[in-house]
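First the proteins, then the strands, lettered A, B, ... as listed; each starts at 1. Just so it is clear, the values below take in all heavy atoms, side chains as well, and ignore hydrogens, waters and symmetry mates.
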Amino acid sequence: MSTHAAAQAHAGHDQHGSGHDHHAHSSWWRTYVFSTDHKTIGIQYTITALCFLAFGFGLMLIMRWQLAYPSDPIPLIGGLLGKSLVESGVLTGQGYNALGAMHGTIMVFMAIVPLAVGGFGNYVVPLMVGAQDMAFPRLNMASYWVFLPGGLIMLASFFMPGGPAASGWTSYPPLSNIATMGQTAWLIGMIFLITSSLLGSVNFIVTIVQLRAPGLSMFRLPFFVWAQFVTAFLLLLAFPPLEAAGVLQLMDRVAGTSFFMPQGLVVSQKLHEAVGGGSPLLWQHLFWFLAHPEVYVLILPALGIVSEVIAANTRKPLWGYKSLVYAALFLGFMSFIVWAHHMFMTGMGTTLSTFFQITTMIISIPSVIVLTALIISYHGASIRYSVPMLFATAFLPMFAIGGLTGLPLGLTASDIHLHDTYYVIGHFHYVVAPGTIFAMFAGIYHWFPKVTGRMMNRTLGLIHFWFSFIFINGVFMPMFFMGMAGALRRQYDPEAQLHAETVQGLSRMVSYSAWCLAAVQIPFVINFFRSIWSGQPASQNPWQATTLEWAAPSPPPHGNFAQVPTVHCGPYEYSVPGERRDFCPQFEAREA
Amino acid sequence: MNGAPYGRWLPWNASEHGGQIDSLIDVIHWFMLILFVGWGIFFVYCLVRFRQKPGRNAAYELPKGAASKYAEVGVAIFEGFLLFGLSVPLWSRYKTAPPPPEKRMDVTAIGEQFAWNFHYPGKDGKYGRLDPTLISSSNLLGLDKDGDPAAEDDIVSPELHVPLNQDVYVRIRSKDVIHSFAIPAMRVKQDAVPGMEVPVWFKPTRSSDEFREAMAREYSLDQPTPLFNKKKAGLILMEDYPASGEPVAHKGDALVNATVEKLLAAGIKTVRAAPRATMEVVCAQLCGMNHYSMKAPLFVDTPEQFEAWKTAQSAEIEIDLE
Amino acid sequence: MSLKAFHIVFVITAAVFGLGLGAWAVREYRADGSTASLIIAIGAFAGTAILIPYGVWFLRKLRHVSYV
Amino acid sequence: MSASIEIPCDITPHPVTGMYNGKFGVWLFLASEVMLFGALFSSYILLRVGAPEAGPLAWPDYRTNHLNVPLATVNTMVLILSSVTVVFAWYYLQLHKFAAARACLLATIGLALVFMVIKYFEYSHKFHDGLYPSTHNFYAVYFTLTGLHGLHVLGGIIVFAYLVGPGAAMWKYNPAKFTNRIECAGLYWHFVDLVWIFLFPSIYLL
Amino acid sequence: MSFATPEDARKHRNIYLAVLVALAVLTGVTVLVAQMHFLSTPMAVAVALLVACIKGGLVASFFMHLISEKTTLYGILVICVVFFFVLLLLPLATEFTNVST
């Protein structure tokens, strides 16, 4: 900064024309559609992501019909689906693969990441750091408006000749290189989604580092903010390689290059025209370089939400706050050097496989630390079983199952049998479905009063929680046994193979559970919409929590706080001895 | 090890190294169970004991963390043991010590959408040249029978036959996309990456006959439901029928419609039958629309059966040549 | 890192690159004697010869500008 | 309700990081760009090392790859020069010499356009010779990497065109912020030039 | 950071000049090694890489360290560089230690 610029700096606080419109004078479009307010953008992200979540779930329900009753026509909607998916009401093999690929892609890139980072992150992080908005409000808006077209391109691929991408969410070439047009749409959509994440992550990091309220040092940040901080770094550094890979695959498909095509491919007894010289494994490296950190992108915000909910409802400080933070940082760092454990079966030698096994075992340690810290936080507590607390509590054992079942997959020898079986499906779904999605529900119930100024209904919430908890285990627990028996994933006909035929009963049970799980989301939807309009009005701090978002009115106005709060203490000062109340908010000064 | 080969937990293991993989899986799962139950007991205790009650506040002082430290260190040590004690040596043995060429049965498995083909070097022990430009629907691998003398006695088969108790060395390749050569019963899995040739090896220790005995079931022939739908395709008889007198159907006969009619005509309504193929080579990596149907039967033959099969295959080749 | 600092890093990298390119072109010229290589060599060394004093001059000229 | 939002460190540097928001943001963006080009370089190395020694798939070296080194050398100099003009635009803005700064920015745009024109001739010459991305993986790498770099240059041209055109109005009411914007654009521009400095030897000379 | 005194400034400038000279010399070494052919190709590459690392280190430690006391950005950039090399080298290493016939 030059001396001149420094001299100018203080005079230059005129915000005119810098995009921060005065709320009162803004048009409807600027307020609700092309808004630069982080709260509006957060809500936009949340609603969009919830729609995608429901859509991705719906795709799975259709696939589940085929898996329960192979080759039976799909009831009700079988006739409505396009030619690319069904034939005379029966899902085709191509259609099954397409639904599978789109289920994975939609859930990971268009539902959970936008919900966890775009939704919760956008809404809560600036509030929690005591900022009036994100550091770059217009960039924030751009991030949403890049995300949406990406999602729409993905959806549009359902109407393309040949249907949407059908090469799995991993899109391994050469299969994806020789696939139909839907794959091109998938690639273009992904490039949009990645760009959106990059814009968002820059914004998050700058906001968290630069915009903290006075007194809010890094180690006074709530764990949720730390989790978002690490997540943003993962998005920032892990996503570009997939963008590069996407560009290369796009070149392969559009310009006829051979980045991923080796020489002499014979497809359907015909020599393929690609000149060759490429490496199919290159894609896997670039893809998993992203996709393993992506796992932590899915899980870290969830851990953050759960920590907030647990701290507020156990009425005591989180156990081991600093070790939680260090564990999250360490997780983030390590997640970049474990990716090839997804590739053990490609013919990896002993040296490198040992390296990746070691890093994989090492990365399990911080996860154990986080889980232990959260569980010990219950000791000596005064647990208030609110609906968000129930979801957060259920998250812990579910995440534990998901984490533990990663062990046999991370060791090469046991991976030989379990690789690409239903065991893998069970494993990662336990992490993201009863894990992350339960945490998302906890977050929705927890911050709903802040966002709308109204509480959600407890009875409906309890119904939603208990039945979801039962059925979601009914969906994923049998998968471990199916995988043990050797049933492979991505099988259109579940009975085609000897070892899978014997566990078909379990597969049918999974399907029933999945449909029931869908049914018990109805109370949630009713609760969500009814509470927006007619829920019981909420106070500014209904959970009597300590973090900064509760210093703002519910719902917070444009600019968030009446005046920027000053922070006086750490994030989880609950049940401090000698205090009048059992919580000491960060934004209130204590006497003496 | 009784009951059916394929059931709710691990399938029967039919290979020499598979037992070690199974015990590793078992050890890990016991470890997981103990850890989870341990956590669970503490967790449930906390959930009940520390629920909100009027007049009781939460403790601000944090519980001492020694126990958790021990638990974490314990977990880390055990993971280290799993890693360096079990997994790495197993993988290293499995991946770096191929059976010597003179002791092994050598075969190449070539994946394509959506089938496996197996290329045996034949009597001379040499693989014939494969030329992608020669590939056609009658020459699936593009074997150069005219140009390469080593190719003359080569066997190309859609079935994988391996001899019992002998090392099998499989070179895995792919013609088009990535497949994965997987035999659940042998605890074998290896991706078939186009442009690469990666070997795996295993030693079958259980024969197909043994599997078949265990899988044999009573089948009722006069049921109105079709017996030969895709699930039960490939059944063969396990005994001669009728057992006494002149049999109309022999052990090993395929249970096709003609056989069933003959048996029903002879007044036989139930038979013991089992699948002909009791083990399968499947594809474990998504390879396109018919990925699920990409499988090949695997037969673990006794040495006599294996020789007989090879002779029969060579005879076919000679017929071809004429 | 300010633009000034980045510019210095950039100039150094560019100078190093210029030397490398010059050396490469000299080797080429030795190998096949083509005029193009000679011109590139001269150009690269000349570029470097300009860049280094430029860097020093730049440092001196922007002395009062912060590095942050 | 506050009438307008004040974002801290929008213009003045943060006491701990020493950067204002924009500069920090640009650096983070550049970090992600490093990973993007890192992945592409990684692919390049992998394909090159994995290529066979002989035959049609053998990797061409600088003697056989038909790339025009003199033209690329000129292009390199053009880019280096454009970095110099950018840094001086920023320098003149700090001295409140707007006209000189604008001249520098225009020169930057001009040099960037020269780069693009030379690139265009290079590309069309390749196409004319029947060398397409699909011809060989070397050309695939060449076109993809230089093409992506070209897109970055194009992006830079658009940014500078905005800053020298409609965006320049900010100089009147918020010169400090405008100066910062030029610095951010300059950081990006330096990075783009730096990528070229690495691209040039690794594609043209090896 | 700005210089307190003219002396200070001169001292820093001298350091920069020294680093510039060192960088130039090291580049010369690289060229020399490449020209002389007294090392095998892998060795030459190794030496070239080593020299490049030293050069990078010089730039990072002198220029960057002197540039600012603020470490936030450099921490981020260092992480980025670490992952850059991970991305560059690990796939390569994996490819070349594959089990194959």
Engineer: Between Ile369(A), Ile362(A), Val267(A), which has the largest tally of heavy atom pairs under 4.5 Å with chain B?
Structural biologist: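 Of Ile369(A), Ile362(A), Val267(A), Ile369(A) has the most heavy-atom pairs under 4.5 Å with chain B.
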Engineer: Checking the side chain of Ser176(A) only, and the main-chain atoms of Ser171(A) only, is there a donor and an acceptor separated by less than 3.5 Å?
Structural biologist: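 Between the backbone of Ser171(A) and the side chain of Ser176(A) there is a qualifying donor-acceptor contact (under 3.5 Å).
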Engineer: Quick check: Tyr423(A) with Phe481(A) (ring centres under 6.0 Å apart)?
Structural biologist: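 Between Phe481(A) and Tyr423(A), the centre distance exceeds or equals 6.0 Å.
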Engineer: Identify which part of Thr346(A) has an atom lying under 4.5 Å from any heavy atom of chain B, answering side chain, backbone, both or neither.
Structural biologist: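 Thr346(A) touches chain B through backbone and side-chain heavy atoms alike.
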Engineer: Given that the side chain runs from C-beta out, which part of Leu47(B) has a heavy atom under 4.5 Å from chain A: side chain, backbone, both or neither?
Structural biologist: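 Contact with chain A involves both backbone and side-chain atoms of Leu47(B).
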Engineer: Given heavy-atom pairs under 4.5 angstrom as the criterion, report whether the side chain, backbone, both or neither of Pro173(A) touches chain B.
Structural biologist: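 The backbone, not the side chain.
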Engineer: Can you confirm if the aromatic rings of Tyr6(B) and Trp12(B) lie within a centre distance of less than 6.0 Å?
Structural biologist: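 So the answer is no for these two rings.
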Engineer: So what's closer than 4.5 Å to chain A heavy atoms on Gln20(B): side chain, backbone, both or neither?
Structural biologist: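 Neither part.
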Engineer: Using a cut-off of under 4.5 Å for heavy-atom pairs, which of Asp420(A), Leu418(A), Ile416(A) has the most such pairs with chain B?
Structural biologist: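 Winner by heavy-atom pair count: Ile416(A).
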Engineer: Side chain, backbone, both or neither: which part of Gln284(A) has a heavy atom under 4.5 Å from chain B?
Structural biologist: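 Contact with chain B involves the side chain of Gln284(A) alone.
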Engineer: Out of His17(B), Met186(B), Lys53(B), His29(B), which one racks up the most heavy-atom pairs below 4.5 Å with chain A?
Structural biologist: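 The candidate making the most pairs under 4.5 Å is His29(B).
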Engineer: With chain A, which of Gly142(B), Ala76(B), Cys46(B), Pro89(B) has the greatest number of heavy-atom pairs at distances under 4.5 Å?
Structural biologist: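 Top count of heavy-atom pairs under 4.5 Å with chain A: Cys46(B).
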Engineer: Please check if the side chain of Asn97(A) supplies one atom and the backbone of Gly288(B) the other of a donor-acceptor pair under 3.5 Å.
Structural biologist: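 Flag set: sc Asn97(A) to bb Gly288(B) pair under 3.5 Å.
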Engineer: Given heavy-atom pairs under 4.5 angstrom as the criterion, report whether the side chain, backbone, both or neither of Pro262(A) touches chain B.
Structural biologist: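 For Pro262(A), the contact with chain B is made by the side chain alone.
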Engineer: Let me know if Val188(B) has heavy atoms under 4.5 Å from chain A in its side chain, its backbone, both or neither.
Structural biologist: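 Only the backbone of Val188(B) comes within 4.5 Å of chain A.
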Engineer: Please classify the contact of Phe84(B) with chain A as side chain, backbone, both or neither, using a heavy-atom distance under 4.5 Å.
Structural biologist: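 For Phe84(B), the side chain is the part near chain A, not the backbone.
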Engineer: Using ring pair (Phe, Tyr, Trp, His ring centres under 6.0 Å), reason through Tyr292(B) and Tyr96(A) one step at a time and then give a plain yes or no.
Structural biologist: CA-CA 11 Å; Tyr292(B) 67 97; Tyr96(A) 178 85; 8.7 Å; no
Engineer: So what's closer than 4.5 Å to chain A heavy atoms on Leu140(B): side chain, backbone, both or neither?
Structural biologist: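 Looking at Leu140(B), backbone and side chain both touch chain A.
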Engineer: Report which part of Ala182(B) has an atom under 4.5 Å of a heavy atom belonging to chain A: side chain, backbone, both, or neither.
Structural biologist: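 For Ala182(B), there is no contact with chain A at all, as no heavy atom is under 4.5 Å.
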Engineer: Please classify the contact of Thr405(A) with chain B as side chain, backbone, both or neither, using a heavy-atom distance under 4.5 Å.
Structural biologist: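 Interface part for Thr405(A): both.
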Engineer: Non-hydrogen atoms of chain A under 4.5 Å away: do they reach the side chain of Ser174(B), the backbone, both or neither?
Structural biologist: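 Nothing of Ser174(B), per the 4.5 Å heavy-atom cut-off to chain A.
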Engineer: Show your reasoning for whether ring pair (Phe, Tyr, Trp, His ring centres under 6.0 Å) applies to Phe344(A) and His419(A).
Structural biologist: CA-CA 9 Å; Phe344(A) 283 149; His419(A) 189 83; 8.2 Å; no
Engineer: Heavy atoms only, distances under 4.5 angstrom: which of Asn57(B), Val75(B), Leu286(B), Ile25(B) has the most pairs with chain A? Name it, please.
Structural biologist: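 Most heavy-atom pairs under 4.5 Å with chain A: Leu286(B).
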Engineer: Parallel, tilted or perpendicular: which one describes the rings of Tyr572(A) and Tyr321(A), with boundaries at 30° and 60°?
Structural biologist: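 It falls in the perpendicular class, over 60°.
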Engineer: Where does Lys295(B) contact chain A at under 4.5 Å (heavy atoms): side chain, backbone, both or neither?
Structural biologist: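 Only the side chain of Lys295(B) comes within 4.5 Å of chain A.
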Engineer: Decide if the gap between the ring center of Phe43(B) and the ring center of Tyr378(A) is smaller than 6.0 angstrom.
Structural biologist: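 Distance test on ring centres: under 6.0 Å, yes.
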Engineer: Quick check on Leu488(A) against chain B: is it the side chain, the backbone, both or neither that has a heavy atom closer than 4.5 Å?
Structural biologist: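 When you check distances to chain B, only side chain atoms of Leu488(A) fall under 4.5 Å.
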Engineer: What part of Gln263(A) gets closer than 4.5 Å to chain B, counting heavy atoms only: side chain, backbone, both or neither?
Structural biologist: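 No part of it gets close to chain B.
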Engineer: Do the two ring centres, one from Phe114(B) and one from His291(B), sit under 6.0 Å apart?
Structural biologist: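 Not under 6.0 Å, so no.
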Engineer: Would you say the side chains of Gln269(A) and Lys175(B) form a donor-acceptor pair under 3.5 Å?
Structural biologist: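 Judged by distance alone, the side chains do pair up.
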Engineer: What part of Ile28(B) is in contact with chain A, defined as an atom under 4.5 angstrom from a non-hydrogen atom: side chain, backbone, both or neither?
Structural biologist: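 For Ile28(B), the side chain is the part near chain A, not the backbone.
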Engineer: Can a donor-acceptor pair be found, under 3.5 Å and without considering hydrogens, that links the side chain of Trp283(A) to the backbone of Thr170(A)?
Structural biologist: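 Here the side-chain-to-backbone pair exists.
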Engineer: Pick whichever of Gly93(A), Gly278(A), Pro174(A), Gly380(A) has the most heavy-atom pairs under 4.5 Å with chain B.
Structural biologist: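 The residue among Gly93(A), Gly278(A), Pro174(A), Gly380(A) with the greatest pair count is Gly380(A).
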Engineer: Indicate whether the side chain of Ser386(A) and that of Asn313(A) have a donor and an acceptor atom separated by less than 3.5 Å.
Structural biologist: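 A pair is found: one side chain offers a donor N or O, the other an acceptor, under 3.5 Å apart.
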Engineer: Give, as side chain, backbone, both or neither, the part of Ser92(B) having an atom under 4.5 angstrom from any heavy atom of chain A.
Structural biologist: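 Contact with chain A: backbone and side chain both.
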Engineer: Which residue out of Phe50(B), Phe42(B), Tyr45(B), Trp39(B) racks up the most heavy-atom pairs below 4.5 Å with chain A?
Structural biologist: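 Looking at each of Phe50(B), Phe42(B), Tyr45(B), Trp39(B) in turn, Phe50(B) comes out on top.
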Engineer: Might you confirm whether atom CD of Gln504(A) has over 12 heavy atoms from other residues, nucleotides or ligands at distances under 6.0 Å?
Structural biologist: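 Above 12, so yes.
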Engineer: Taking the ring of Phe78(B) and the ring of Phe31(B), is the distance between their centroids below 6.0 Å?
Structural biologist: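 So the answer is yes for these two rings.
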Engineer: What part of Thr393(A) gets closer than 4.5 Å to chain B, counting heavy atoms only: side chain, backbone, both or neither?
Structural biologist: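 The answer is both parts of Thr393(A).
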Engineer: Phe260(A) versus chain B, heavy atoms under 4.5 Å apart: side chain, backbone, both or neither?
Structural biologist: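 For Phe260(A), no heavy atom lies under 4.5 Å from chain B.
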Engineer: So which of Asp415(A), Leu404(A), Thr421(A) has the biggest tally of heavy-atom pairs under 4.5 Å with chain B?
Structural biologist: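 Counting heavy-atom pairs under 4.5 Å, the top option is Leu404(A).
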Engineer: Hey, what do you get for CG (Asn177(A)) to CG (Leu265(A)), rounding to the nearest 0.5 Å?
Structural biologist: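 One gets 9.0 Å once the value is rounded to the nearest 0.5 Å.
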Engineer: Answer yes if the side chains of Gln357(A) and Ser87(B) hold a donor-acceptor pair under 3.5 Å, and no otherwise.
Structural biologist: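 Looking only at side-chain atoms, Ser87(B) and Gln357(A) do form a donor-acceptor pair, the distance falling under 3.5 Å.
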Engineer: Restricting to pairs with a member in residues 180-190 of chain B, which pass salt bridge (charged side-chain N to carboxylate O under 4.0 Å, His left out), not counting sequence neighbours?
Structural biologist: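 For residues 180-190 of chain B, and leaving out neighbouring residues, the salt bridge (charged side-chain N to carboxylate O under 4.0 Å, His left out) pairs sorted by first residue read Asp22(B)-Arg187(B).
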Engineer: Centroid separation under 6.0 Å, is that true for the rings of Phe583(A) and Tyr574(A)?
Structural biologist: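 Between Tyr574(A) and Phe583(A), the centre distance exceeds or equals 6.0 Å.
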Engineer: Taking side chain as everything from C-beta outward and backbone as N, CA, C, O, which of these in Leu271(A) sits under 4.5 Å from a heavy atom of chain B? Side chain, backbone, both or neither.
Structural biologist: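 It is the side chain, since no backbone atom gets that close.
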Engineer: Does any heavy atom of chain B fall under 4.5 Å from the side chain of Tyr492(A), the backbone, both, or neither of them?
Structural biologist: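 Both parts, backbone and side chain.
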Engineer: Which bit of Gln190(B) is near chain A, if near means a heavy-atom gap under 4.5 Å: side chain, backbone, both or neither?
Structural biologist: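 Contact with chain A involves both backbone and side-chain atoms of Gln190(B).
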Engineer: For chain A, find which of Leu83(B), Val88(B), Thr278(B) contributes the most heavy-atom pairs closer than 4.5 angstrom.
Structural biologist: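 Looking at each option in turn, the highest pair count goes to Leu83(B).
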Engineer: Checking Ile135(B) against chain A: side chain, backbone, both or neither under 4.5 Å from a heavy atom?
Structural biologist: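 Answer is both: backbone and side chain atoms of Ile135(B) are under 4.5 Å from chain A.
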Engineer: For Ser575(A) and Ala59(B), indicate whether the former's side chain and the latter's backbone hold a donor-acceptor pair under 3.5 Å.
Structural biologist: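 Absent.
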Engineer: Gly168(A), Ala500(A), Pro397(A): which one forms the most heavy-atom pairs within less than 4.5 Å of chain B?
Structural biologist: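 Option with the greatest count: Pro397(A).
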Engineer: Hey, is the main chain of Arg276(B) close enough, under 3.5 Å, to the side chain of Arg212(B) for a donor-acceptor pair?
Structural biologist: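 Looks like yes, one N/O pair under 3.5 Å.
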Engineer: Quick one: of Arg56(B), Lys95(B), Met215(B), who has the most non-hydrogen atom pairs under 4.5 Å with chain A?
Structural biologist: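 Maximum pair count with chain A is reached by Arg56(B).
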Engineer: Side chain, backbone, both or neither: which part of Leu371(A) has a heavy atom under 4.5 Å from chain B?
Structural biologist: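 Looking at Leu371(A), just its side chain touches chain B.
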Engineer: Measuring heavy-atom distances to chain A, does Leu90(B) have an atom under 4.5 Å in its side chain, in its backbone, in both, or in neither?
Structural biologist: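 It is the side chain, since no backbone atom gets that close.
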